[in-house]
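Since the structure comes first, as structure tokens, the remarks are kept for the end.
The sequence lines fix the lettering, A, B, ..., with proteins before strands; numbering per chain opens at 1.
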2 protein chains.
Amino acid sequence: MESAAQTAVTPAQATAQADDRAFDDLAFDVFARNCPSRGALEHVTGRWGALTLGALHEGSLRFNELRRRVDGVSEKMLSQTLHALERDGLVHREAQPTNPPRVDYTLTPLGREVSERLLSLIVCVEERMEDVLRARARYDEARGAR
Amino acid sequence: MESAAQTAVTPAQATAQADDRAFDDLAFDVFARNCPSRGALEHVTGRWGALTLGALHEGSLRFNELRRRVDGVSEKMLSQTLHALERDGLVHREAQPTNPPRVDYTLTPLGREVSERLLSLIVCVEERMEDVLRARARYDEARGAR
DNA sequence: CTGCATCCCAACTGATACTG
DNA sequence: CAGTATCAGTTGGGATGCAG
């Protein structure tokens with residue numbers, strides 16, 4: 001046997017520590033295939049997820065208010081998106097048993113954390129859109145012209 | 001002719017000014033349908049776009065290095081993703097006419113700005129993943145149990 | 001008003017094979 | 001190594017109709 005056993009940390013302990021570190025640092029690495037965080041990230045960054053969270057960042061909204069705010073979303077997709085975000089604990093759904101029914105959607109604390117960063121990204125893209133458009137024009141001229 | 005011509009600002013000019021303001025403030029609103037920024041945002045936040053930008057944030061990478069880093073991406077999708085990001089001016093492609101060929105992909109300054117915010121979002125989701133998982137468990141128990 | 005169920009088409013995706 | 005081309009399967013997403 002190697003002399004490793006006489007050190008303060010046995011190989012088994014070292015392995016356990018490494019595993020713990022691996023768990024903390026890598027278990028939810030989005031770059032890894034089949035990692036649950038990849039799915040969660042996709043709910044957040046998906047076409048409608050990002051816009052829905054962005055819209056809710058401004059405050060509580062009802063279903064059809066959201067539908068109008070997120071221009072172009074269908075009933076089906078909005079419903080689907082809200083379910084996914086609610087399940088992930090980013091959005092809180094509060095139904096009032098009135099007639100006609102009224103349902104309010106609000107960001108949870110976790111949802112606000114996420115939407116904060118998301119909105120920063122959205123605003124960044126919007127502000128730099130002219131640069132993007134110029135880059136596209138340059139690219140298309142160089143490539144499409146031939 | 002109308003007397004509008006004698007005023008300092010003609011109706012046409014007023015309209016033009018309003019349009020300019022609208023252009024500055026709203027032309028790139030991602031919440032509006034058919035806005036070009038929505039497409040750009042989707043390139044950035046798309047399943048592979050986000051991971052590609054995240055990987056490139058750590059430094060320049062070659063095609064197959066990227067493919068390994070972004071676990072699960074196919075050749076085709078990576079190629080497609082890189083083209084879109086290059087066209088939007090977020091990624092710079094540098095091909096060296098050697099044999100075998102060597103192509104390096106790097107973030108542009110604009111790409112770095114975007115990826116910075118994107119990474120903040122990614123890290124946030126990864127760190128809060130346990131909360132998300134707990135929320136899912138609660139949701140499924142309440143809904144799926146019946 | 002707030003949804004769910006269904007149908008249906010287009011777009012996305014992924015193997016596979018092939019080129020430079 | 002760095003892609004492109006093609007084909008087939010799956011999914012995303014919209015329209016419609018209906019229920020609570």
Open item on the list: Can a donor-acceptor pair be found, under 3.5 Å and without considering hydrogens, that links the side chain of A:Glu126 to the backbone of B:Val30?
Closed with: yes
Side-chain polar contacts of residues 92-99 of chain B - donor-acceptor pairs under 3.5 angstrom, sequence neighbours left out - could you list them?
residue	atom	partner	partner atom	Å
B:Arg93	NE	B:Tyr105	OH	3.3
B:Thr98	OG1	B:Pro100	O	2.8

Task: Strand-adjacent residues in residues 61-68 of chain A, judged by heavy atoms under 4.0 Å from DNA chain D - done: none
List the atom pairs, with distances to 0.1 Å, where a side-chain N or O of residues 43-57 of chain A and a protein N or O form a donor-acceptor pair under 3.5 Å, not counting sequence neighbours.
residue	atom	partner	partner atom	Å
A:His43	ND1	A:Asp88	OD2	2.7
A:Thr45	OG1	A:Leu41	O	2.8
A:Thr45	OG1	B:Thr45	O	3.1
A:Arg47	NE	B:Glu42	OE2	3.4
A:Thr52	OG1	A:Trp48	O	2.6
A:His57	NE2	A:Glu116	OE1	3.4

Task: Shortest non-hydrogen contact between B:Met129 and A:Ser37, atoms and distance - done: SD-CA, 3.5 Å
Task: Partner set under salt bridge (Lys or Arg N to Asp or Glu O under 4.0 Å) for B:Arg87, not counting sequence neighbours - done: A:Asp140
Open item on the list: Just to be sure I understand the geometry, which residues of residues 81-88 of chain A put a non-hydrogen atom under 4.0 Å away from DNA chain C?
Closed with: A:His83
Open item on the list: My understanding is that only residues two or more places apart in sequence, or in another chain, count here; which of them pass side chain to side chain contact (heavy atoms under 4.5 Å, CB included) with B:Pro101?
Closed with: none
Open item on the list: Holding to salt bridge (Lys or Arg N to Asp or Glu O under 4.0 Å), I want the full list of residues that pass it with B:Glu113, two or more places apart in sequence or in another chain.
Closed with: A:Arg128
Open item on the list: Reading DNA chain D in the 5' to 3' direction, which nucleotide is the first one with an atom under 4.0 Å from a heavy atom of chain B, and which is the last?
Closed with: D:dC1 to D:dC7
Open item on the list: Donor-acceptor check, side chain of B:Ser115 to backbone of B:Leu118, threshold 3.5 angstrom: yes or no?
Closed with: no
Task: Which residues share a side-chain hydrogen bond (donor to acceptor under 3.5 Å, both in side chains) with B:Arg62, sequence neighbours left out - done: none
Open item on the list: Each nucleotide in nucleotides 7-20 of chain C should get exactly one letter: B, S or -. Can you fill that in based on protein heavy atoms under 4.0 Å?
Closed with: B-----BBB-B--B
TODO: Output all residues satisfying side-chain hydrogen bond (donor to acceptor under 3.5 Å, both in side chains) with B:Arg102, sequence neighbours left out; order by chain, then residue number.
DONE: B:Asp104
- [ ] Can you see which heavy atom on B:Cys124 is nearest to which on A:Arg117, and at what distance?
- [x] CB-CD, 3.4 Å
Side-chain atoms of residues 71-79 of chain B: list all donor-acceptor pairs with protein atoms under 3.5 Å, sequence neighbours left out, distances to 0.1 Å.
residue	atom	partner	partner atom	Å
B:Asp71	OD1	A:Arg33	NH2	3.4
B:Asp71	OD2	A:Arg33	N	3.1
B:Ser74	OG	B:Met77	N	3.2

